[in-house]
Number of protein chains: 2
Amino acid sequence: MDDRDVLYRRVAADLREAVAGGVYGSDGRLPAESALAEHYGVSRGTIRQALALLRAGGVVTSRRGTRRVVLGAAPAQSFAELLSFTTWARSIGEEPGGVLESLTVRPADEEELTRLRLRPGTQVYAALRLRTLSGRPVMIERTAYPSRVGRIVAALPADTVSYTERLLGHGIVFADAEHTIDLAFADPDDARLLGCPEGAALLRERRRTTDPAGRPVEWSEDRYLPGTVAFTVHNSIATSTLSRLRSAAQQPGQ
Amino acid sequence: MDDRDVLYRRVAADLREAVAGGVYGSDGRLPAESALAEHYGVSRGTIRQALALLRAGGVVTSRRGTRRVVLGAAPAQSFAELLSFTTWARSIGEEPGGVLESLTVRPADEEELTRLRLRPGTQVYAALRLRTLSGRPVMIERTAYPSRVGRIVAALPADTVSYTERLLGHGIVFADAEHTIDLAFADPDDARLLGCPEGAALLRERRRTTDPAGRPVEWSEDRYLPGTVAFTVHNSIATSTLSRLRSAAQQPGQ
DNA sequence: GAGTGGTCTAGACCACGGT
DNA sequence: CCGTGGTCTAGACCACTCT
């Protein structure tokens, strides 16, 4: 684990465990920063870095004048777990599956050009995959990859379960993601693959992922059957990463 | 603005403007931390605090060895804008409206007890409101308030548009929120108020908000008509506040 | 008034990316 | 190799909460 090689992450992991283990009780108060610094034998700055992580995750509050208060255990997954359907499935004890329906190389459409920051006319690798949990259809994944990434995807065996893990092995790193969550209605492909009526409502997540250098790595539209997943976000007055947008989703009936 | 009374927030706001103004170009590189420190006449630590804000918002990347790269302008709203339907509506140039359908005081149900951290048998104030944008129905809001907050809500005039703003005036501060986003299907109340068929799919946001001391302030379930809103979240490998959960949503048809 | 977290500084060393 | 951001330290002062 990456959590093990840096001081403040070790401290954060330890504190997270202590909170989850009920050491401070739900609703309880954490020791003062100075006390924690002494306990771990590190400086106050390092303790503050650790606590910033817990705070961002909604584990504790913090305000001037009083000790931090436990908000609750963190349900938040690691970034990799969130991006990878496969890793997530395993973490909840289900058997992930993926069936590649089609993989085509074609000129990027308007949306893809913008999201992947490509010059007009550039080609993308477009994959359509059905994802399953223990055999049951759960999600349809439409992903566009820039050719740098798509070439690797195209070379993978047809029965590859996790593209994300494979891409990681090829040095493609996922560093940042921007998600948009709303509703969509099943088109003929969705209906056929998911086994739902055409026009049925699906939970849609559109996502652009970039690498550490800021280059887009994928642009994906995932559509989940109702009742299979929910998304949770924590935010605070200090840092808000969540927004409400006016949507332009198509209406039902087609 | 609160952004004006602290050094690193001033710097962050200035940098955010510069990025939005295209000073560094999309895809461009920011000056080095040391250069920024000198330019603003502050220490490197302060610059790093400012940049941490931009990073959390998805404005810039950062990695060891190279300068930060501009990812894009930040669409993220302030925390208050996100929590308040009213403030959000105004920010997109629409006229917000709210019709209070009912406000009852009753014992909390199982879910409310947990979410608001109340002792069994405690009463809550439960409000059902129809929210409109320029007269058009958009969302149904079912909110449970602990009595400390509910008493204030109950005293508000029936035509109050923004509860959030009023509560703020009474010293109730919203500091942290946990959101869960998924699908729900219109019950008879939803259908009647929103003017959609019973069983129609709606985008659901459930939210627990706490004050700076960590005490729950509200527990709300909001249901949006399709095509009216979408939620966007940014996250990164450094701090992930987004999770995918197994959902237990009810199925359509009831 | 005592204790706490928030802000800011100055300096050090290291890991990494590019040349 | 140099320049960069990441980590860590030590210390200072302030704003705030609580009793």
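Naming convention: chains lettered A, B, ... in sequence-line order (proteins, then strands); numbering from 1 in each chain. Remember, predicted model here, so these are calculated numbers, not experimental data.
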Using distance alone, with no hydrogens and no angle criterion, decide if A/Asn235 and A/Thr241 have a side-chain donor and acceptor under 3.5 Å apart.
-> no
A/Gly45 or B/Glu33: which one's nearest nucleotide on DNA chain D is closer to the 5' end?
-> B/Glu33
Note: chain A reaches DNA chain D at heavy-atom distances under 4.0 Å over the stretch, first to last nt, 5' to 3', of D/dT7 to D/dC18
Flag the pair B/Arg90 and B/Glu165 as a salt bridge only when some basic side-chain nitrogen lies within less than 4.0 angstrom of an acidic carboxylate oxygen.
-> yes
Sorted by number, residues from residues 48-59 of chain B placing a heavy atom under 4.0 Å from DNA chain D are B/Arg48
Assign B/Arg68 to base, sugar-phosphate, or nothing according to its heavy-atom contacts below 4.0 angstrom with the strands shown.
-> sugar-phosphate
According to the salt bridge (Lys or Arg N to Asp or Glu O under 4.0 Å) rule, which pairs have a member within residues 35-58 of chain B, sequence neighbours left out?
-> B/Glu33-B/Arg44, B/Glu33-B/Arg48
Looking at side-chain heavy atoms only, is the closest gap between B/Thr87 and B/Thr164 below 4.5 Å?
-> no
Classify the side-chain pair A/Arg131/A/Thr86 by whether it contains a donor and acceptor separated by less than 3.5 Å.
-> yes
Kindly compute the distance separating CZ (A/Arg9) from CG (A/Leu53), expressed to the nearest 0.5 Å.
-> 5.5 Å
Applied to residues 143-153 of chain A, the salt bridge (Lys or Arg N to Asp or Glu O under 4.0 Å) test, sequence neighbours excluded, yields A/Arg148-A/Asp211
Could you tell me which non-hydrogen atom of B/Leu113 sits nearest to which non-hydrogen atom of B/Ala108, and how far apart they are?
-> CD2-CB, 3.7 Å
Under 3.5 Å, N/O pairs linking protein and nucleotides 16-19 of chain C:
none

Nearest-nucleotide check on DNA chain D, B/Leu30 vs B/Ala213; residue mapping nearer the 5' end is B/Leu30
The reported gap from CZ in B/Phe231 to CG in B/Leu242 (rounded to nearest 0.5 angstrom) is 13.0 Å
Taking only residues two or more places apart in sequence or in another chain, which ones pass ring pair (Phe, Tyr, Trp, His ring centres under 6.0 Å) with A/Tyr163?
-> none
